[in-house]
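Right, one structure below, let's go through it.
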Number of protein chains: 2
Amino acid sequence: MSEAGPRAERRPTRQRAALTDELAGTAEFRSAQDIHASLSASGTRVGLATVYRNLQAMAADGEVDVIRTTEGEAVYRACASEQHHHHVVCRGCGLTVEVTGDAVERWAEAVARDHGFSQVRHTLEIDGLCAGCGVRDPR
Amino acid sequence: MSEAGPRAERRPTRQRAALTDELAGTAEFRSAQDIHASLSASGTRVGLATVYRNLQAMAADGEVDVIRTTEGEAVYRACASEQHHHHVVCRGCGLTVEVTGDAVERWAEAVARDHGFSQVRHTLEIDGLCAGCGVRDPR
DNA sequence: TGCGCAATGAGAACCGTTGTCAAACGCGCG
DNA sequence: CGCGCGTTTGACAACGGTTCTCATTGCGCA
Ligand SMILES: [Zn+2]
Ligand SMILES: [Zn+2]
Ligand SMILES: [Zn+2]
Ligand SMILES: [Zn+2]
């Protein structure tokens, strides 16, 4: 998901670099607090506010994807593709795979237009239990 | 969206009735606080916690739909259909239309299974500017 | 090296939502 | 009709994630 945003010229800082590294290190969607804790744990001192600010900026620029957990918490992830795509997330372990589907994109656009809507956007997330988690946890 | 839930036998109360009425009165997705304010304004005294509790219960039972705004706030709406469906919401005025699309449902299920996922679920929301809002507000 | 301004950090403030717990109430039942 | 019990309510405190404030730091540039 997420439309690519305009790449702003932000001043490079130690903190931002650390954040980028941290994000590059994991494949799951993580909360700002989680990321902040992780950085702190590894000895990198970065303010929580800074984490939030950068994450938002990066998200706006399309450098990272953001999705809201059902509890409303924002979780971030540095995606492989910066083009529009969606995710299939494992509820058990967080494993995430990026997927695209022109058919869906077109359907959303069409159904909206059919109802007279313009400037159409959409959010779509899929979740389930990955092969590994599905075995021993058929919740 | 939302899977239909088990219809629990909840004790009928004045508050719940008022809530149901209020929901029946509007077609847009509204926040718990908004609904609570509306009730208070119309002279119906209902505790905020009660509004939250009932809204959640009703959502669990599939009586109302809930979606998260991009800011993370939960908004509720009494939908015409209790079957699985999605929404096209106007960013300008909140006008909401319910839509269904087997193609999308199947796509989501298929793409997830292709990646080894089971217990697949999904959330999909579409937004844009309705015919009316699209004219004078091409934001 | 000195300036100007963006970026940062510590903590307070916000705000939607949930928890607490005593009081009020719906519902059989005698 | 009054009683007892378990559910629901309501006022308010507590929470947790996110944003704001503002003094301080430190890039980028001349
Ligand atoms: Zn898994
Ligand atoms: Zn899409
Ligand atoms: Zn509109
Ligand atoms: Zn669906």
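Sequence lines set the chain letters: A, B, ... in the order given, protein chains first and strands last, and positions in each chain run from 1.
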Quickly work out the [X] [atom1] to [N] [atom2] distance and round it to whole Å.
X       : N      : atom1 : atom2 : answer
B:Arg68 : C:dC15 : CZ    : C1'   : 13 Å
B:His36 : D:dA11 : NE2   : C1'   : 11 Å
B:Gln15 : C:dG26 : CD    : C1'   : 11 Å
A:Leu55 : C:dA7  : CG    : C1'   : 16 Å
B:Asn54 : D:dG10 : CG    : P     : 9 Å
B:Leu48 : C:dG16 : CG    : P     : 10 Å

Closest approach of B:Val46 to B:Arg14 (non-hydrogen atoms, all atoms of both residues): CG2-NH1, 4.4 Å
Contact summary for A:Ile126 and B:Val111, nearest pair of heavy atoms: CD1-CG1, 3.7 Å
5'-most by nearest nucleotide on DNA chain C - B:Gln33 or B:Arg14: B:Gln33
Touch class at under 4.0 angstrom, heavy-atom based, for B:Arg53 against every strand present: base
Sugar-phosphate only, base, or nothing, as touched by B:Gln56 at under 4.0 Å among non-hydrogen atoms: sugar-phosphate
Counting just side-chain N and O atoms, does [X] come under 4.0 Å of either OP1 or OP2 of [N]?
X       : N      : answer
A:Arg11 : C:dG4  : no
A:Ser31 : D:dG17 : no
B:Arg45 : C:dA24 : no
A:Thr13 : D:dC27 : no

Of the listed nucleotides C:dC27, D:dC27, C:dG16, the one nearest the side chain of B:Pro12: C:dC27
Residue A:Tyr52, side-chain atoms from C-beta onward, closest of C:dG11, D:dT18, C:dG16: D:dT18
salt_bridge(A:Arg77, A:Asp65) N-O dist < 4.0 Å: no
Under-4.0 Å salt bridge between B:Glu125 and B:Arg68: no
Donor-acceptor under 3.5 Å (B:His87 side chain, B:Val99 main chain): no
